[in-house]
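Numbered from 1 within each chain, the chains take letters A, B, ... in sequence-line order.
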Number of protein chains: 2
Amino acid sequence: MVKEPSPPPTAAPPTAEPGDDTESKILDAAHAVFMRSGTAGARMQEIADEAGVNKALLHYYFRSKERLAAAVFDRVARGLFARVGQLAMSEVELEEKVRLIIAAYLDQFARTPYAPGYLICEMNQHPDRAGQLLTALGGSTTVSRGPAMPFLAGLAQQIEQRVAAGRMRPIEPRQFLANLVSLCVFPFAARPMLCAVFRMDDGGFREFIEERKTSLPSFFLNALRP
Amino acid sequence: MVKEPSPPPTAAPPTAEPGDDTESKILDAAHAVFMRSGTAGARMQEIADEAGVNKALLHYYFRSKERLAAAVFDRVARGLFARVGQLAMSEVELEEKVRLIIAAYLDQFARTPYAPGYLICEMNQHPDRAGQLLTALGGSTTVSRGPAMPFLAGLAQQIEQRVAAGRMRPIEPRQFLANLVSLCVFPFAARPMLCAVFRMDDGGFREFIEERKTSLPSFFLNALRP
DNA sequence: GTCTATACGCAGATAGAC
DNA sequence: GTCTATCTGCGTATAGAC
């Protein structure tokens, strides 16, 4: 019971912590530590401390640091793409879909604000993670199973219809999606930079995001008016 | 002369390399290595190899790894914000300014595509970097000297005028800037993710960015039509 | 200024008792 | 399954010759 409440480091990990089994406690701790320190910067001892278990146990449950890091990466990636992937593939009308995706993203990141930065860092420094991302996503019921990307095709179709109906300017589907995701994710990934440049503290950032929840949908949908 | 042309790792560092003095060679090498491996993941030996000098020399010129990392961070930060900061503060008309900023960003990143990811990682994992960013920027002739942010104030004024003239929808200046930067920077920061999800190789990504150069200005300006 | 050789600590991983 | 103790290699940093 050495485990302290731990200075709220990377917001709440997905799974519960109280009387959970050791493996979960380790994974949750690793989740938090890897997110704030990066894989290379994190120390196994740090994870053990945060989990309130012995360092040797990390190796008992997860062979090596690299395997533990991979497990955490998978969990974070799935957590990020799950809802949004489902929303993107759903049959909802396009404008409403955009609103739902923005709301889902901003809402989720308000709870796990460090996930975007973690994923970006991890994939930039560890090239294999790109492939791992796809298998992680392909294995679950989310985005891309198989070689093509069904949700992109579906999106393209929706866009095409709307353009044909004269209700939207033409836009390449990948650019559509890249714009949408950029606007949602970047402020979280670049949070320290934004906070520095805009002179915001944690509260200021929260307000900034709150305002964004209302301004972003109209901004994005406006950009696509014919 | 152990120095190989080195497999184009992080695109060309700012300064030249050929017969330069040792300190510059080290800084350039550190620039490249820190960018692709991150500060924590990088090894001093790796930097020495890339610079074609002895490992001990790194400590001769830059005391410690941390100091070397700080020097690189400063250089990258200044390089990224210099042009854009100047553009943002210039007296150019707002629409034209937006076009110039987008062009400058996409053009610059086409040459140093890993800079955004590096900066984001560095600032997420190394909290002190936020302050360092501001001093680095404040020292140069770019963005924020003093406590306030002149370029934000100037931007706010331009927006206000345009809104008053009925030529633009109202938008909070910080949201304006956040949107602009997000759309420009994120695709580079999240490049491995985009390439994986969109099934793009390096060439495909280049094309994607090329298309973005034309589609992004109209997208952004369109979003602000009244 | 540049090199070789080396000191020193730390972090990942294992052995083995309980 | 969980712990203590320990091994091992690696990475930063320094000492000191040239």
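Using a 4.0 Å heavy-atom criterion, one finds that A42(B) contacts the sugar-phosphate atoms exclusively.
Taking 4.0 angstrom as the limit, R43(A) places a side-chain polar atom (N or O) nearer than this to OP1 or OP2 of dG12(C).
Applying the salt bridge (charged side-chain N to carboxylate O under 4.0 Å, His left out) criterion to E210(A), with sequence neighbours excluded, gives K213(A). Evaluation of the side-chain contact (heavy atoms from CB on, under 4.5 Å) rule for R63(A) yields R67(A) as partners, not counting sequence neighbours. Every residue meeting the salt bridge (charged side-chain N to carboxylate O under 4.0 Å, His left out) condition with R99(B), not counting sequence neighbours, appears here in chain and number order: E95(B), E96(B). Under the side-chain contact (heavy atoms from CB on, under 4.5 Å) criterion, A130(B) pairs with A196(A), M123(B), sequence neighbours left out. Legend: residues meeting side chain to side chain donor-acceptor pair (under 3.5 Å) with E122(B), ordered by chain and number and at least two apart, are T39(B), R129(B). Among residues two or more places apart in sequence or in another chain, the side-chain contact (heavy atoms from CB on, under 4.5 Å) test is passed with A115(A) by M35(A), V76(A), L80(A), T112(A). Partners of K97(B) by side chain to side chain donor-acceptor pair (under 3.5 Å), not counting sequence neighbours, listed by chain and number: Q158(B).
For Q45(A) and dG9(C), the CD to C1' distance is 15 Å, given to the nearest whole Å. The CG-P distance, from D49(A) to dG12(C), rounds to 12 Å in whole Å. The separation between I26(A) atom CD1 and dA13(C) atom P is 14 Å, rounded to whole Å. M44(A) has its CE atom 10 Å from the C1' atom of dA11(C), to the nearest Å.
Interatomic distance, T214(B) OG1 to I102(B) CD1, rounded to the nearest 0.5 Å: 10.5 Å. Here the CG-CG distance, from L27(B) to L58(B), works out to 11.0 Å after rounding to the nearest 0.5 Å.
Recorded end-axis angle for the helix from dG1(C)-dC18(D) to dC18(C)-dG1(D) stands at 0°, based on five pairs per end and rounded to 10 degrees.
Among residue pairs with one or both ends in residues 182-192 of chain A, those qualifying as salt bridge (charged side-chain N to carboxylate O under 4.0 Å, His left out) are R191(A)-D202(A); sequence neighbours excluded.
For the segment residues 55-70 of chain B, residues with any heavy atom less than 4.0 angstrom from an atom of DNA chain C are, sorted by number, A56(B), L57(B), Y60(B), Y61(B).
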Throw together a table of side-chain donor-acceptor distances under 3.5 angstrom for residues 174-190 of chain A, partners on residues two or more places apart or in other chains.
from, atom 1, to, atom 2, distance (Å)
R174(A), NE, E172(A), OE1, 3.2
Q175(A), OE1, R212(B), NH1, 2.8
Q175(A), NE2, F208(B), O, 3.1
N179(A), OD1, R212(B), NH1, 2.9
N179(A), OD1, R212(B), NH2, 2.8
N179(A), ND2, Q175(A), O, 3.3
S182(A), OG, A178(A), O, 2.6

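The outermost nucleotides of DNA chain D lying under 4.0 Å from heavy atoms of chain B, listed 5' to 3', are dG11(D) to dT14(D).
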